[in-house]
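This report concerns only the one structure given below.
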Amino acid sequence: MMEKWDSPIYAFYHSRPRIEYVKGRRVHTFKCAARGCKVQLRRYLDSRDRSSTGNLRRHARSCWGNDAVNAACEAVDLKEARQKVVEGILHDGSITASFERKKGAVTFSHRPHTRAEMRTEISLMKTGRPGYYIPSPATVSRDVKAVFARTRTRIAKLLQEYEGELHFATDAWTSPNHHAFVALTVHFVHDGAEIALPLDLVEVAQSHSGANLAEAF
């Protein structure tokens with residue numbers, strides 16, 4: 001029966017499912033191959049959909065991510081999907097190898113990770129160090145905002161109390177999507193060391209003339 005399993009979706013599960021009996025019914029139990037995932041899916045052999053991969057595909061998308069599943073589905077066969085996509089993710093978290101055989105530009109998705117994808121990423125980061133603490137996204141967001149607020153207060157106090165000369169500079173440029181920005185920096189000497197600090201980044205949607213830059217500053 002396994003010889004007929006040629007769908008790339010099987011690459012995301014252990015190569016040999018367990019044969020079990022549930023209330024007298026024979027089933028194949030597929031265990032997800034993702035590190036840290038304990039999901040096991042059953043397929044009853046006496047049902048009409050005994051060869052269906054629908055539930056396997058749904059879990060693979062939620063656990064491994066759409067990019068990984070799409071890359072596997074574009075593989076030549078199950079073996080290639082397992083070697084180039086699944087093993088690549090398990091090894092270093094990358095599916096780049098699956099794109100190498102393709103023609104044209106390689107594209108990557110920069111959308112935020114789903115909860116399931118984050119679980120896979122965390123599992124990869126903890127490989128070899130299971131006790132390593134990884135803060136939640138909410139904790140990181142809170143800490144970054146707190147650090148920013150404290151740093152801004154310290155810099156403001158330092159500049160207000162500085163008795164020497166402060167030199168301000170601007171750096172203007174246009175982004176590839178045609179948005180014009182100006183960075184504001186301050187330069188001074190503190191305890192014998194030259195200090196350069198970024199102060200702000202503002203959009204100036206007009207000519208970067210001296211008058212407009214002065215107004216933005």
Side-chain angles (χ1 to χ4, degrees), residues 34-37 62-68 71 85 87-100 105-217:
R35 291 192 180 94
C37 182
S62 66
C63 187
W64 295 79
N66 288 326
D67 291 340
V85 180
E87 292 183 4
I89 295 175
L90 293 176
H91 181 261
D92 59 8
S94 172
I95 60 174
T96 304
S98 66
F99 294 108
E100 292 178 350
V106 176
T107 59
F108 296 90
S109 172
H110 294 284
R111 62 179 175 78
H113 289 304
T114 63
R115 290 180 180 271
E117 290 170 332
M118 283 298 299
R119 185 169 62 248
T120 302
E121 293 294 329
I122 290 175
S123 176
L124 289 172
M125 287 187 283
K126 286 191 171 186
T127 301
R129 302 182 65 183
Y132 191 77
Y133 170 70
I134 298 177
S136 68
T139 299
V140 173
S141 175
R142 181 200 63 199
D143 291 349
V144 168
K145 292 177 182 178
V147 170
F148 171 77
R150 289 198 299 267
T151 302
R152 180 177 56 182
T153 301
R154 291 180 59 186
I155 292 177
K157 184 174 184 295
L158 173 64
L159 298 181
Q160 291 168 0
E161 297 178 353
Y162 187 71
E163 297 180 354
E165 295 182 348
L166 297 174
H167 303 270
F168 297 92
T170 61
D171 183 15
W173 75 96
T174 302
S175 66
N177 56 346
H178 309 293
H179 288 276
F181 294 94
V182 173
L184 306 175
T185 60
V186 61
H187 306 260
F188 58 99
V189 177
H190 180 65
D191 292 337
E194 296 181 359
I195 304 296
L197 298 174
L199 297 179
D200 204 352
L201 178 67
V202 296
E203 183 174 2
V204 181
Q206 52 188 328
S207 174
H208 289 170
S209 63
N212 291 335
L213 293 179
E215 182 180 355
F217 179 79

Taking Tyr162 for its side chain and Val189 for its backbone only, find out whether a donor-acceptor pair lies under 3.5 Å. yes
Nearest 0.5 Å please: distance from the CD atom of Gln160 over to the CG atom of Leu166. 10.5 Å
A side-chain contact here means heavy atoms from C-beta on lying under 4.5 Å apart; do Leu159 and Leu199 qualify? yes
Kindly compute the distance separating CG (Leu158) from CG (Leu197), expressed to the nearest 0.5 Å. 7.5 Å
Between Val182 and Ala172, the two heavy atoms sitting closest are CG2-CB, 3.8 Å
Which value, rounded to the nearest 0.5 Å, describes the distance between His167 atom NE2 and Phe188 atom CZ? 10.5 Å
Test item: Val85 and Trp64 side chains (from C-beta on) under 4.5 Å apart, heavy atoms: no
Minimum heavy-atom separation for His187 and Ala196, please, with both atom names. ND1-CB, 3.4 Å
Reported CG-to-CG distance for the pair Asp171 and Leu201, which is rounded to 0.5 angstrom: 9.5 Å
If you round to the nearest 0.5 Å, how far is NZ of Lys145 from CZ of Arg150? 14.5 Å
Is there a side chain to side chain contact (heavy atoms under 4.5 Å, CB included) between Ile155 and Arg152 once you walk through the steps? CA-CA 5 Å; Ile155 292 177; Arg152 180 177 56 182; 6.0 Å; no
